[in-house]
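Structure first, then comments.
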Amino acid sequence: MELSQADINTEIEAAAQRPGGPQPKLDYPPYRSSILRHPKQPAQLIDPEAVELWAPAFGHRDVADDEADLTIQHAGIPIGERIVVSGRVLDGDGRPAANQLVEVWQANAAGRYRHQRDQHPAPHDPNFTGVGRMLTGPDGSYRFQTIKPGPYPWRNHVNAWRPAHIHFSIFGSEFTQRVVTQMYFPGDPLFSLDPIYQSITDPKARDLLIAQYDHDLTTPEWSTGYRWDIVLTGTHRTPLESDVPVSDVEEDA
Amino acid sequence: MSAVPGQTVGPFFHLGLEYPGMNELVVPGHPRAVRLHGHVYDGDGAPVPDAVLEIWQADPQGHIPRQPGSLRRDGWTFTGWGRAATEPDGHYQFTTLEPGATEPGKAPFFAVTVFARGLMDRLFTRAYLPGDDGALAADALLSAVGPDRRGTLIATREPDGLVFDVRLQGDGETVFLTYPRVRDAWA
């Protein structure tokens with residue numbers, strides 16, 4: 001039997017009665033693909049050691065400045081609503097996560113990914129790939145320019161649609177801080193219907209994934225702006241000045 | 001400070017996360033290159049064709065690399081970090097060097113992060129080098145894990161490298177890890 005949105009809504013409501021806290025539930029049947037892909041054993045708690053207390057260093061040799069502009073990667077201008085997304089990456093103690101790699105990927109304005117597995121019959125945009133990279137600044141700030149992605153259908157159930165989102169991959173100064181997540185846009189009517197978003201059963205934690213419209217990031221006659229601040233987990237090792245990669249120290253000197 | 005929740009990498013992560021040479025921490029012709037490889041399996045034992053693994057490791061001398069360059073490798077600098085997506089048959093592979101002990105008597109390991117479509121949040125684990133039974137027996141993590149599951153954390157040696165399979169669920173489920181400040185971030 002094919003599942004309808006109403007069936008999934010019933011499952012989402014049932015899961016919300018058993019709150020799993022502010023992290024996504026790994027075992028979340030409304031997201032069908034999670035059923036065979038979540039561990040059943042509890043995670044083993046261990047004090048991080050050796051490499052786990054550090055993270056790979058990324059520097060300007062890894063990322064070019066223009067990789068933070070997703071609208072200039074082709075000969076023409078991509079179609080859609082031009083936006084700037086900016087914010088700060090902080091660690092769990094409020095310290096800036098400086099010099100860390102942020103990778104983003106997303107659908108185009110029509111809700112189509114430039115990926116062979118995306119069979120949604122919406123148009124590709126020859127002027128939009130939907131991939132960007134950047135390093136955070138000394139204050140943990142990041143900023144990129146892109147096109148607002150569209151919502152898109154998927155096959156979790158009949159008439160399943162994902163709210164518009166941008167995928168984020170973020171590193172901290174310690175291996176344990178690694179996170180991949182998704183940023184959403186305020187007021188999306190699909191939030192209550194989406195099992196991936198709803199897998200975080202704590203509404204306050206879910207809200208952390210929603211960017212805020214910020215008129216100070218909006219540029220006259222050019223683009224609108226969204227702010228999204230990101231807090232990582234805390235470090236087990238106090239970061240030192242010497243954490244800054246060697247090459248960057250030389251460049252700043 | 002409320003830490004941001006994770007979300008799945010989804011089915012289209014190749015678009016944003018793949019880049020040339022991402023799984024070659026050293027060039028395959030390097031005299032000390034080893035192949036670290038294996039499969040990722042789901043709870044039915046079926047291969048997972050849309051997972052991505054990241055490794056982070058010490059160099060053969062046990063030094064923790066501090067050099068950038070993992071995204072644009074120069075062929076000479078060992079950065080200690082790499083990323084590999086699984087193929088349609090669930091197989092992944094890295095070309096790398098074996099990590100050394102970061103302190104005398106410590107059992108060397110690769111720190112491993114696992115992501116996949118259908119996996120809501122990243123998973124942490126370790127892939128230990130096999131062979132040094134004394135160091136493995138003295139290891140805090142391996143000692144804390146029951147003997148029936150300990151083997152999921154230790155790679156198997158073969159002539160040209162190391163095999164490390166990841167089982168997300170069920171029989172032989174890999175031991176996944178959490179750390180105090182990860183657990184407490186959402187306490």
Side-chain angles (χ1 to χ4, degrees), chain A residues 21-26 28 33-34 36-41 43-48 50-52 54 56-59 61-63 90 92 94 103-105 113-115 117-118 130-131 167 169 175-176 178-182 196 199-200 205 208-209 230-236 245-247, chain B residues 1-17 42-44 48 56-58 64-72 79-81 102 106 111 113 115-124 140-141 144-145 168-170 173-183 185-186:
Chain A
Q23 287 178 282
K25 285 185 166 187
L26 299 180
Y28 195 72
S33 300
S34 76
L36 289 171
R37 295 185 172 193
H38 69 273
K40 295 198 168 178
Q41 302 287 334
Q44 174 71 43
L45 179 68
I46 188 75
D47 287 325
V51 282
E52 290 166 332
W54 299 83
F58 297 99
R61 70 158 283 121
D62 290 293
V63 184
L90 302 175
E103 296 162 287
V104 295
W105 69 101
Y113 282 86
R114 189 173 281 222
H115 190 289
R117 278 187 56 177
D118 186 354
V131 179
H167 294 267
S169 158
F175 174 78
T176 64
R178 183 84 177 93
V179 65
V180 169
T181 189
Q182 301 178 24
I196 292 180
S199 70
I200 305 158
L208 295 174
L209 298 180
I230 300 161
V231 178
L232 306 175
T233 57
T235 58
H236 301 77
V246 175
S247 65
Chain B
M1 305 294 289
S2 297
V4 69
Q7 293 266 268
T8 181
V9 287
F12 307 128
F13 63 80
H14 308 85
L15 176 66
L17 295 180
D42 73 10
D44 275 346
V48 175
W56 168 231
Q57 62 166 105
I64 297 169
R66 303 302 305 137
Q67 296 296 324
S70 298
L71 293 186
R72 287 189 169 87
T79 66
W81 185 84
T102 51
K106 281 277 192 187
T113 320
F115 309 86
R117 180 182 69 83
L119 178 58
M120 284 293 191
D121 202 1
R122 48 96 191 90
L123 298 171
F124 295 123
L141 172 61
V145 172
L168 295 174
Q169 187 188 87
E173 183 177 304
T174 300
V175 173
F176 297 105
L177 309 179
T178 189
Y179 305 98
R181 299 211 64 190
V182 174
R183 178 197 60 181
W186 293 282

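Chain A is the first sequence line, chain B the second, and so forth, proteins listed ahead of strands; every chain is numbered from 1. This structure is a prediction, so every number in the text was calculated from the model and none was measured.
Interatomic distance, CG of A:Leu26 versus CG of B:Leu123, reported as 6.5 Å (0.5 Å rounding). In this structure, OG1 on B:Thr174 lies 11.0 Å from CD on A:Gln41, to the nearest 0.5 angstrom. Of the inter-residue distances, the one linking A:Arg37 atom CZ with B:Gln169 atom CD reads 11.0 Å to the nearest 0.5 angstrom.
With a 4.5 Å cut-off on non-hydrogen atoms, A:Val131 touches chain B through its side chain but not through its backbone. Using a 4.5 Å cut-off between heavy atoms, A:Glu103 contacts chain B through its side chain alone, with no backbone atom that close. Contacts between A:His167 and chain B at a heavy-atom distance below 4.5 Å involve the side chain alone, from C-beta outward. Heavy atoms closer than 4.5 Å to chain B are found in the side chain of A:Ile200, but not in its backbone. Heavy atoms closer than 4.5 Å to chain A are found in the backbone of B:Gln57, but not in its side chain. For a residue to count as touching a neighbouring chain, one of its non-hydrogen atoms must lie under 4.5 Å from one of that chain's; by this rule B:Thr178 touches chain A with backbone and side chain alike. The part of B:Val175 that comes within reach of chain A is its side chain, from C-beta onward, which places non-hydrogen atoms under 4.5 angstrom from that chain. Only the side chain of A:Ser169 comes within contact range of chain B, judged by heavy atoms closer than 4.5 Å.
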*Decide side-chain contact (heavy atoms from CB on, under 4.5 Å) for B:His14 and A:His115; before the verdict, give the C-alpha distance in whole Å, the side-chain angles of both, and the deciding distance to 0.1 Å.*
CA-CA 8 Å; B:His14 308 85; A:His115 190 289; 3.0 Å; yes
*Would you sort out whether B:Phe115 and A:Arg178 count as a side-chain contact (heavy atoms from CB on, under 4.5 Å), showing the intermediate values?*
CA-CA 11 Å; B:Phe115 309 86; A:Arg178 183 84 177 93; 3.9 Å; yes
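The main-chain N or O of A:Trp54 is found under 3.5 Å from a side-chain atom of B:Trp56 such that the two form a donor-acceptor pair. Of the possible donor and acceptor atoms, none in the side chain of B:Asp42 sits under 3.5 Å from a partner among the backbone N and O of A:Leu36. Panel note: side chain A:Thr233, backbone B:Arg181; no donor-acceptor pair is recorded below 3.5 Å.
In this structure, A:Gln23 and B:Asp121 approach most closely via the heavy-atom pair NE2-OD2, 3.8 Å. Shown here for A:Trp105 and B:Gly16, the closest heavy-atom pair between the two residues is CB-CA, 3.5 Å. Counting all heavy atoms, side chain and backbone alike, A:Arg117 lies closest to B:Pro11 at NH2-CB, 4.1 Å. For the pair B:Gln7 and A:Ser199, the tightest heavy-atom approach, listed with the atom from each and the gap, is NE2-OG, 3.9 Å. Shortest non-hydrogen contact noted between B:Pro68 and A:Asp62 is CB-OD2, 3.4 Å. For B:Ala3 against A:Leu208, the heavy-atom pair with the smallest separation is O-CD1, 3.7 Å.
For the set B:Gly80, B:Gly170, B:Ser70, the count of heavy-atom pairs under 4.5 angstrom toward chain A peaks at B:Ser70. Of the listed residues (A:Val104, A:Asp47, A:Ile230), the greatest number of heavy-atom pairs within a distance under 4.5 Å of chain B belongs to A:Asp47. Considering only heavy-atom pairs separated by less than 4.5 Å from chain B, the leading option among A:Ser33, A:Ser34, A:Pro56, A:Ala43 is A:Pro56. With respect to chain B, the highest number of heavy-atom pairs below 4.5 Å among A:Leu45, A:Val63, A:Val179 belongs to A:Leu45. For the set A:Glu52, A:Gln182, A:Lys25, A:His38, the count of heavy-atom pairs under 4.5 angstrom toward chain B peaks at A:Glu52.
A:His236 and B:Tyr179 have perpendicular rings, their planes meeting at more than 60° on a 0 to 90° scale where under 30° would count as parallel. By the 30° and 60° cut-offs, the orientation of the rings of B:Phe124 relative to A:Phe175 is tilted.
Not counting sequence neighbours, the partners of B:Arg117 by the salt bridge (Lys or Arg N to Asp or Glu O under 4.0 Å) test are B:Asp50. Looking at residues two or more places apart in sequence or on another chain, you find a side chain to side chain contact (heavy atoms under 4.5 Å, CB included) between B:Leu141 and A:Gln44, A:Ile46, B:Arg126, B:Tyr128, B:Asp139, B:Val145, B:Leu153, B:Leu177.
Screening A:Val231, A:Leu209, A:Leu90 for a side chain to side chain contact (heavy atoms under 4.5 Å, CB included) with B:Val4, the sole residue that qualifies is A:Leu209.
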